[in-house]
Structure formats: structure tokens, C-alpha cells
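Taking it in order: structure first as C-alpha cells, then the write-up.
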Protein chains: 2
Amino acid sequence: MADKQYRIGEFSKLVGLSTYTLRYYEDQGLIVSQRDGNGVRYYTENDIQWVGFILHLKGTGLRLNDLKRYVRLRAEGDSTITERRDMLQKTKDDAEADIAELQMHLKVLIRKIDWYDGKVDHTIDDSESFHDYLQQFNDTKENK
Amino acid sequence: MADKQYRIGEFSKLVGLSTYTLRYYEDQGLIVSQRDGNGVRYYTENDIQWVGFILHLKGTGLRLNDLKRYVRLRAEGDSTITERRDMLQKTKDDAEADIAELQMHLKVLIRKIDWYDGKVDHTIDDSESFHDYLQQFNDTKENK
DNA sequence: TCTTGACTTAAAGTGCACTCGAAGGTGTTT
DNA sequence: AAACACCTTCGAGTGCACTTTAAGTCAAGA
């Protein structure tokens, strides 16, 4: 479990990013690599964790520019902790809103599938339009 | 409640797509509009429902090309119902997988926020790394 | 009459995040 | 010696879904 070192090709497979992307991220300041005597990049366990983490952030919808800002703040030290926290909080809120929206769209999709199923096995009147079918799910009164 | 007719400008506001996009969608075969004597497009309630529906599909991650295929199938009539159903089923499965992934990323994000909070109010040891902090949530055995 | 809003085609531009290729170099392995 | 993996800069290409512009026409309303 010593601090194994990985060159870019191996590291690339470990983290699931192409070597192109790794160099690109480094250009962008998202990753810092170390170099051996010949100028060849190498990475350690720490870097695996770091890349894993930024991929989680990206996975929640954070864009590269914001990710860059986050990294810059981190480099400035503890004085920026609340700012970083707030940034992640906003990212979280946005992601939760995205999920809620997705689920709302999904609900209609699922009903359309049900509607198709009803058509196929004739449990839904052949003449009923999907729009009419959908209506029945609207609690006409409390339509929160 | 007669069949009100909307010209593209008004319709655009109703459905939340720019007039550019509406014409673009029409080019792409996603929307069909009617024309008055002067060749000016108009839309009806039906079109509002249709656009609403394709926006739900898009909202679940369906790409324009697939949406086009869906519309083509629809135009072919009832014989394509199962194919359309299966298409929506796949879209649904994909969307649910996306949500699951998003939630997985979100979980880490939330823990990072908690970790920041712990740092700020000193309920987490100042020297504890986030990676170590994260570990405690891994039910080392059944790590489903 | 002038403004507004519509129409056409075709092409170019935008934003994002890569992704690739050229062209030339170094060091290690077979 | 050749193959391989790495290095550099930098510019161009990709994919997607719009978005805008150009340049010209037409018709209804104030």
C-alpha cells in the first residue's frame, strides 16, 4: 500500500478519463500532476481521490468553469471554506431541482407507457386520447 | 373554449419555445403547423398538448433524433405501437439510471457539505481528511 | 404610411466539453 | 533498431441543439 505512482496511461484507465482529457484538465487547472526527472507526469493515490471527487461534482452538474473556481478557492486555503460550502450547497439545490423536474417528466412518460399497454390489451377504450387519459391523474382541486 | 388559433409569436410564449425553435422543430418534422390563406402558420390547443408532450420526452433525455423516429413511427399508425412503447420504456429505464447516478453523486456532495460544516463549527477534527471522513459511510461488508 | 409580425432559404455562429492530429522531441523496453 | 509511451504547442474538428443573420417579400392594423 505504499504510494504507488501511475503514469498517465495507467492513471487514465484507473479514473476513466482519456489521456487527452487528463492533460486538458491539467491545463485548466483542475488537476496538478507531478513530474519525474524526464518531465513525465505521474500520479498517486491522492490524485485518484481528487479526480474521483471532481467527477462527483461534475456528476451533479457542476460546469468546468465553476469547478475551476472551486479549485481556485481551495488553493486559497481555509478562509474560503464557507464560500466553497455555499457553492456546493447551491450545486446541491440545483441538482435536486433537476431531479425533481426529471421525475415530473418521467411521470408523464410512465403514464404514456401505461396508456400504450392499455391500448394493446384493450383495457383502455380505443378512442380515448392520451391527453384525456392523463387528466384523470390531476387532482383537479389541490393541484400543488 | 372553441378552437382558438395562435400565430407563432403567441404560441411561442405559450409553450416556452422561441419562434426560431418552433420553425426548426417543424423543419425537423417534430411539429406540423397549419397555414392560413397567406401562408402564415397557426396552431391550436392540440398543438399545445403535442408540444407539451414532446417536451416531456425531451425532458427525460430523449434526443432530437430519437424524437424524430418516434414521430415517424406515430405517423405510421397503430402497427408501430409496441415499438413506440418499447422506445419509451428504454427512455424510462435510461432516465431512471440517470437519476440513480445523479443521486449517487449527490450523496458525496452532501457529505462534503456536512464535512465543511463540521470543520466550521469544529465538530470534526481539523486534521481529518474528507476521504477518511467518507470512509465511515462505507458499510465495508455489504457494499451494494 | 409606417410599424409589426409574419414568411422564405441557406449559411454561419454559439456554447460546452472534449477529442484529435500534426510535427517534432526524449527515454525505456524488446 | 524499432516500438512504445510519454512530452510539447496549438489549432482544428466533433456533436448537439439551437440561435441568429442576411436579404427579400407580404399583409394587417394604428
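Heavy-atom basis, side chains included; hydrogens, waters and symmetry copies ignored. Here is the naming used below: chain letters follow the sequence lines, and residue numbers restart at 1 for every chain.
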| message | Does Ser18(B) reach a base, just sugar-phosphate, or nothing at all? Heavy atoms under 4.0 Å. | response |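 Contact class for Ser18(B): sugar-phosphate only.
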| said: Which residues pass the ring pair (Phe, Tyr, Trp, His ring centres under 6.0 Å) test with Tyr70(A), not counting sequence neighbours? | reply: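 Once residues adjacent in sequence are excluded, Tyr70(A) has no partner under the ring pair (Phe, Tyr, Trp, His ring centres under 6.0 Å) criterion.
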| field | Under the ring pair (Phe, Tyr, Trp, His ring centres under 6.0 Å) test, residues paired with Tyr6(A) that sit two or more places apart | value |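 For Tyr6(A) there are no ring pair (Phe, Tyr, Trp, His ring centres under 6.0 Å) partners, ignoring immediate neighbours.
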| With sequence neighbours excluded, what pairs up with Gln5(A) under the side-chain hydrogen bond (donor to acceptor under 3.5 Å, both in side chains) test? |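 Residues passing side-chain hydrogen bond (donor to acceptor under 3.5 Å, both in side chains) with Gln5(A): none at all.
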Got a list of side-chain donor-acceptor pairs under 3.5 Å for residues 71-78 of chain A, not counting sequence neighbours?
none

Nucleotide [N], atom [atom2] - distance to [atom1] of [X] in whole Å:
X	N	atom1	atom2	result
Gln5(B)	dG5(C)	CD	C1'	17 Å
Ile8(B)	dA28(D)	CD1	P	19 Å
Tyr42(A)	dG27(C)	OH	P	17 Å
Arg41(B)	dA27(D)	CZ	P	16 Å
Tyr43(A)	dA5(D)	OH	P	16 Å

| request: Keeping to residues at least two apart or across chains, list the salt bridge (Lys or Arg N to Asp or Glu O under 4.0 Å) pairs with something in residues 111-123 of chain A. | output: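 Qualifying pairs, neighbours excluded: Asp117(A)-Arg85(B).
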| said: Below 4.0 angstrom, which residues in residues 20-39 of chain B have at least one non-hydrogen atom near DNA chain C? | reply: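 Residues of residues 20-39 of chain B under 4.0 Å from DNA chain C: Arg23(B), Arg35(B), Gly39(B).
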| task | Under 4.0 Å from any atom of DNA chain C, heavy atoms only: list the residues of residues 46-66 of chain B that qualify, in numerical order. | result |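 Residues of residues 46-66 of chain B that come under 4.0 Å of DNA chain C do not exist, since none gets that close.
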| request: May I ask you to evaluate whether Arg7(B) reaches the phosphate of dG5(C), defined as a side-chain N or O under 4.0 Å from OP1 or OP2? | output: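 It does not, given that no N or O in the side chain of Arg7(B) lies less than 4.0 Å from OP1 or OP2 of dG5(C).
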| field | Arg35(A) with Glu26(A): basic N within carboxylate O range, under 4.0 Å | value |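 Yes, this pair counts.
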| task | Could you list the residues that satisfy side-chain contact (heavy atoms from CB on, under 4.5 Å) with Lys90(B), not counting sequence neighbours? | result |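 Counting only residues at least two positions away or on another chain, Lys90(B) forms a side-chain contact (heavy atoms from CB on, under 4.5 Å) with Asp94(B).
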| Results of side-chain contact (heavy atoms from CB on, under 4.5 Å) for Ile124(B) - residues two or more places apart only |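 Trp115(B), Glu128(B), Tyr133(B).
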